[in-house]
Amino acid sequence: MKFRISNVVPAVVLFTGIASALSVHDSTSALKRETAKPRRVHSLLINPAGQPAVPSLKAATTAANAAGLNLDDIQGDILIGMKKMKELFYFFGIADVASFKTKLATDILPLITTTTQMLDNSTQPITLLNIAFSQRGLDALNVSDSLGDSDFFNGQFEDAQNLGDPGTTNWVPEFTGTGIHGVLLFASDTVVNINDAVSSLESAMGNSMTKVYSLSGAARPAPNAGHEHFGFLDGISNPPVNGFTPSPLAGQSNVSAGEILVGEDGDFGTRPDWAKGGSFLVFRQLKQLVPEVRTSFGARMVGRWKSGAPVELSPLFDDPVLGADRSRNNDFTFAETTDQSGCPFGAHIRKTRPRIDLGTDDTGRHIMRAGIPYGPEVSTDEATENTTSTERGLAFVSYQSTIGNGFKFLQQTWANSQFFAHGQGPDPIIGALAGAERDITGLDPTDTTKTTKLTTDFVVSRGGEYFFSPPLSAISGKLSI
Ligand code: HEM
Ligand SMILES: *[C@@H]1O[C@H](CO)[C@@H](O)[C@H](O)[C@H]1NC(C)=O
Ligand SMILES: *[C@@H]1O[C@H](CO)[C@@H](O)[C@H](O)[C@H]1NC(C)=O
Ligand SMILES: *[C@@H]1O[C@H](CO)[C@@H](O)[C@H](O)[C@H]1NC(C)=O
Ligand SMILES: *[C@@H]1O[C@H](CO)[C@@H](O)[C@H](O)[C@H]1NC(C)=O
């Protein structure tokens, strides 16, 4: 145990028995993590039946101890998936380095929510706070160690073309420069709680940082909580992580912690010691043209029906009972149908995790998706006019230990290209050819060889940035010294 994290242990671990593993005492540190009060009684997370559940504290602790993961050092947003009720992404610039570093340790660190804290309603804070830095932010903090990820190093602006974006004219202007040093994630069950947390943090930080841009997201209103704006239940196939999830559900692979977390078992990158337990956070603001989409093939584009039922197992109609059954809704490998009579080869979930198509059920390249919808529900005017008047979409977040093996590979090599032998075209949801027409087969179940020509992108990239979500021990150590 090389972490000096005794100074950042949340009070909760003192009565969960993990504290014994954290024997090092740093008496020179004045920093103490206090249990924030008052505590909540209701979870700040949604829990749709079709998504994998967040493990119990006991189950996660047992799994973590067996695998050597320190859930008190890993920020709380990384492993819990697409479950926040309300979330604010607050992009900031560092204005006064010395003052920012001091306040990072004294004002931000005590409020950072750990993974352990998220596992029980009674230990969740009123508002979750997490922080992540861009390479420009690490530069500003004079942290010169390489994190061993060239995409992170270069930043997302440099990557627009590689990702299939038609340039950066559609990008939110703030994402096109180098002014974003980091992002603060605030999550709660009410916007009021989030606003309170933002104002108190802003007043504590004073002039040490500036707000560059923000985006607020929310789970869609009942009965659509957990569904993205096109209507489909999301977050179903987030991977079970060894050391966190007690055991994989049917059809899930046993994913090494190091696919998601830097420096853990299964991460083959070269990383500084202080980065262990961190994760690269990819942020993308993906606008969705909901009223414009007039196609009857939505389920075949996604590979799931709106309920989450996989098209592979239920090709012709939605099966809401299957969709809501987390023990069955991932239990397929695409070997069930050999042509496109089941799931089209180009469907979004097949493109982003091909399963047996690549000869093995576990193709690796897992990401943990932790995004949330943003923007309002479609208004009656928008529905009548078939035209978006207020932007909505997905505040996409993925965590992975290497961006080029995770998000970037899925987007560039799988979603945007014809990589299967069948030449069925790019992903109809997120595949992007710099705005060019996308020709896709398999969408029409009555003639699966027919080519459908998609002349507009239903998902428009508004840009984003690549960040690193450090372990708490680095926030109290390397980054604030
Ligand atoms: C607005 C944009 C997007 C929408 C509307 C969307 C929607 C969905 C939906 C409805 C599912 C099925 C639910 C599930 O299996 O969890 C899904 C799965 C998935 N999506 Fe997306 N998605 C979007 C962007 C992305 C991007 C940018 C990536 C990565 C480059 C991505 C990667 C994945 C992955 C890996 C899965 C799970 C595949 C599996 O393991 O079966 N998605 N998405
Ligand atoms: C936590 O809160 C959720 C939703 O408010 C509830 O369904 C669940 O039973 C609670 N869990 C515990 C352990 O109290
Ligand atoms: C930046 O860090 C280097 C060591 O990596 C140190 O020599 C230098 O003084 C630091 N600069 C500032 C402005 O803190
Ligand atoms: C997952 O894999 C690890 C080895 O990487 C192993 O120790 C663990 O027991 C496996 N878990 C399950 C549930 O199969
Ligand atoms: C909107 O789309 C529907 C269905 O395709 C169509 O009947 C209607 O005329 C369209 N409305 C406008 C204003 O174009």
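In each ligand, atom 1 is the first atom listed, and ligand 1 is the first ligand listed.
- Nearest protein neighbour of atom 10 (C) of ligand 1, counting heavy atoms only, is Phe232 CB, 3.5 Å.
- Of the protein's non-hydrogen atoms, Phe407 CD1, 3.5 Å is the one closest to atom 30 (C) of ligand 1.
- Judged by the shortest distance from any of its heavy atoms, Arg284 lies outside the 4.0 Å radius around the atoms of ligand 1.
- Under 4.0 angstrom from ligand 1, the non-hydrogen atoms of Asp234 come from both its backbone and its side chain.
- If you check which protein heavy atom lies closest to atom 21 (Fe) of ligand 1, you get His348 NE2, 2.0 Å.
- Closest heavy-atom approach to atom 8 (C) of ligand 4 among the candidates Asn254, Val255, Thr245: Asn254.
- Between Asn238 and ligand 1, not a single N/O pair is under 3.5 Å apart.
- The nearest heavy-atom contact from the protein to atom 14 (C) of ligand 1 is Ser237 OG, 3.1 Å.
- Heavy atoms of Arg355 found under 4.0 angstrom from ligand 1 belong exclusively to the side chain.
- For atom 18 (C) of ligand 1, the nearest protein heavy atom (residue, atom name, distance) is Arg369 NH1, 3.1 Å.
- With ligand atoms numbered from 1 in the order given, ligand 5 contributes 11 (N), 12 (C), 13 (C) to contacts under 4.0 Å with heavy atoms of Thr384.
- Remark: ligand 4 atoms within the under-4.0 Å shell around heavy atoms of Pro248 are 13 (C).
- Distance from atom 29 (C) of ligand 1 to its nearest protein heavy atom, with residue and atom name: Phe396 CZ, 3.7 Å.
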